[in-house]
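Since the structure comes first, as C-alpha cells, the remarks are kept for the end.
Reminder, nothing fancy here: chain letters follow the sequence lines and each chain counts from 1.
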Number of protein chains: 2
Amino acid sequence: MSDLLERLRGRGWRMTAQRRVVAEVLDGDHVHLTADEVHARAVARLPEISRATVYNTLGEMVSLGEVVEVSTDRRAKRYDPNAHRPHHHLVCGHCGAIRDVHPSGNPLADLPDTERFGFTVSDVEVTYRGVCPNCVATA
Amino acid sequence: MSDLLERLRGRGWRMTAQRRVVAEVLDGDHVHLTADEVHARAVARLPEISRATVYNTLGEMVSLGEVVEVSTDRRAKRYDPNAHRPHHHLVCGHCGAIRDVHPSGNPLADLPDTERFGFTVSDVEVTYRGVCPNCVATA
DNA sequence: TAGTTGACTTAGACAATGTCTAATGTAGGA
DNA sequence: TCCTACATTAGACATTGTCTAAGTCAACTA
C-alpha cells in the first residue's frame with residue numbers, strides 16, 4: 001500500500017502517523033471495512049487515533065478517488081481500496097461476505113435512450129446478491 | 001393503491017387507519033420516499049400516527065414483497081411501491097431525483113462462473129448515476 | 001349489538017452511524 | 001529552530017432506525 005501513500009503524498013497530503021495507519025489498514029484485496037472496523041484496527045496500531053480522524057481520512061481518500069465507498073447492506077458504508085480497477089460486488093445475504101467481481105458486458109450500454117429521462121448518465125453500480133459457499137454448507 | 005390495500009387484506013392484515021394512510025402515501029409511479037417522508041405525509045392525514053408505526057408498517061410491506069427497499073444514497077432507505085414490476089434505478093447525483101428504469105439485457109447472465117466464487121447468485125441490483133435535465137440546466 | 005381477544009399503535013428510551021466544533025498538536029517549509 | 005497552516009482530538013450533536021411496555025381497537029363470536 002506504499003503505492004497509495006506515495007500517490008497521496010504526491011497530491012500534497014501532509015503525511016501523519018494517523019493517515020499512514022489508515023492507509024495500511026485498508027491494504028489488500030477484497031477489503032471492505034466499515035469506518036468503525038477501520039478505526040478498531042487503526043487503534044490497535046496507534047491507540048490515540050480518534051474516530052473523527054478516521055472518518056476525515058476516509059472521506060478525503062474517497063474525494064481523491066483513491067478509495068471507493070460501497071453500500072451493500074443498509075448499515076454502515078464500507079471502504080474499498082481497490083479504486084483503480086473498476087469492479088462490482090457480490091454479497092452474501094447471510095453472512096455479509098463481499099467479493100469483488102468483474103462482469104462481462106457493459107451495463108451502461110444496456111440503458112436505452114428512452115429509459116434515460118434526459119439524464120446525463122455517467123456511472124453504474126451493480127450489486128449481485130446470493131449465498132456464499134460457507135453459508136450454503138452450514139445451512 | 002386500493003390494489004395494495006386489497007392484497008394486504010387478503011393476506012390477513014387487520015385494516016387500520018394507520019396502515020391505510022401509509023399505503024395511500026406510497027401510491028404512484030417513481031415514488032421513492034424515506035421512512036421520515038412517509039411519516040411526514042402520513043401525519044398530514046392522520047396527526048396522531050407514530051414514527052414506530054410507520055417503520056413497522058413499511059417493514060411489514062417489505063416482508064410481504066409489496067414494497068421494495070432502495071438505498072440509492074447512503075442516507076435513509078427509500079421505499080418503492082412498484083414491487084411487482086422488476087426495475088432498476090437512475091439517480092441524479094446532484095438533487096437526488098430517482099427514476100425507475102428498465103435496462104435491456106440481463107446482468108445476472110453477465111457474471112461468469114469464474115467470477116461467482118462458489119456463491120449461489122439469486123439477484124442483482126443496478127444503480128445508474130448521472131445528472132438530471134433540471135440540474136444540468138441550472139448548473 | 002355487545003363482549004372478547006390478540007394484533008396493532010403509541011411515546012419515548014435506546015442504539016448505531018456519521019458530522020461538527022473549538023482547542024490543541026505537529027509536519028514541513030523558511 | 002521557528003512558524004504557520006493543516007491535522008488531530010474529545011465529545012457534543014444529528015440522523016436514522018429499533019425496541020419495549022402499556023394502552024387501544026378491528027374483527028370475530030354469540
Side-chain angles (χ1 to χ4, degrees), chain A residues 4-6 8-25 32-64 66-80 96, chain B residues 4-6 8-25 32-64 66-80 96:
Chain A
L4 173 53
L5 285 175
E6 278 318 309
L8 294 172
R9 199 194 306 274
R11 297 199 195 216
W13 252 35
R14 180 177 294 183
M15 197 45 55
T16 66
Q18 289 83 350
R19 287 173 168 181
R20 211 175 343 258
V21 164
V22 170
E24 284 168 11
V25 164
H32 308 89
L33 299 170
T34 65
D36 242 34
E37 287 163 353
V38 172
H39 180 237
R41 297 186 188 200
V43 163
R45 303 186 188 203
L46 186 70
E48 70 275 23
I49 192 172
S50 78
R51 240 161 45 89
T53 295
V54 171
Y55 275 99
N56 287 343
T57 305
L58 289 172
E60 288 155 6
M61 288 175 171
V62 169
S63 311
L64 292 176
E66 297 289 348
V67 166
V68 172
E69 279 182 5
V70 181
S71 307
T72 52
D73 55 17
R74 279 76 185 201
R75 323 266 317 178
K77 293 182 231 181
R78 293 176 175 277
Y79 293 89
D80 185 337
Chain B
L4 173 53
L5 285 176
E6 278 317 311
L8 293 172
R9 199 193 304 274
R11 295 194 195 221
W13 254 34
R14 181 177 293 184
M15 198 45 54
T16 67
Q18 289 85 348
R19 288 174 166 179
R20 212 178 340 258
V21 165
V22 169
E24 283 168 12
V25 164
H32 308 89
L33 299 170
T34 65
D36 242 33
E37 287 164 352
V38 172
H39 181 235
R41 298 187 187 198
V43 163
R45 305 187 187 202
L46 185 69
E48 70 274 23
I49 192 172
S50 78
R51 242 163 41 90
T53 296
V54 171
Y55 276 100
N56 287 342
T57 305
L58 290 172
E60 287 155 6
M61 287 175 173
V62 170
S63 312
L64 292 176
E66 297 290 347
V67 166
V68 173
E69 280 182 4
V70 182
S71 307
T72 53
D73 56 17
R74 280 74 186 204
R75 323 265 319 177
K77 292 181 232 180
R78 292 176 175 279
Y79 293 88
D80 184 336

field: Working for salt bridge (charged side-chain N to carboxylate O under 4.0 Å, His left out), residues A:Glu24 and A:Arg45
entry: CA-CA 10 Å; A:Glu24 284 168 11; A:Arg45 303 186 188 203; 2.8 Å; yes

- prompt: Considering all heavy atoms of both residues, which atom of B:Ala23 and which atom of B:Leu5 are nearest to each other, and what is their separation?
  reply: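 Closest pair (atom of B:Ala23, atom of B:Leu5, distance): CB-CD2, 3.7 Å.
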
- prompt: Minimum heavy-atom separation for A:His39 to A:Ser50, with atom names?
  reply: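 Smallest heavy-atom distance, with atoms named: NE2-C, 3.7 Å.
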
Between [N] ([atom2]) and [X] ([atom1]): distance, integer Å:
{"X": "B:Arg19", "N": "D:dC25", "atom1": "CZ", "atom2": "P", "answer": "15 Å"}
{"X": "B:His39", "N": "D:dT18", "atom1": "NE2", "atom2": "C1'", "answer": "15 Å"}
{"X": "A:Leu8", "N": "D:dC6", "atom1": "CG", "atom2": "C1'", "answer": "15 Å"}
{"X": "B:Ile49", "N": "C:dC8", "atom1": "CD1", "atom2": "C1'", "answer": "11 Å"}
{"X": "A:Glu48", "N": "D:dA7", "atom1": "CD", "atom2": "C1'", "answer": "13 Å"}
{"X": "B:Arg11", "N": "C:dA7", "atom1": "CZ", "atom2": "C1'", "answer": "18 Å"}

Phosphate OP1/OP2 of C:dT10 contacted by B:Gln18 side-chain N/O (<4.0 Å):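 Yes, within the criterion.
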
How about [X] and [Y]: do any of their side-chain heavy atoms sit closer than 4.5 Å?
{"X": "A:Arg19", "Y": "A:Arg14", "value": "yes"}
{"X": "A:Lys77", "Y": "A:Thr34", "value": "no"}
{"X": "A:Asp80", "Y": "A:Val67", "value": "no"}

query: How would nucleotides 18-30 of chain C be written as a contact map, 5' to 3', with B for base contact, S for sugar-phosphate-only contact and - for no contact, using protein heavy atoms under 4.0 Å?
result: BBB-----BBS--

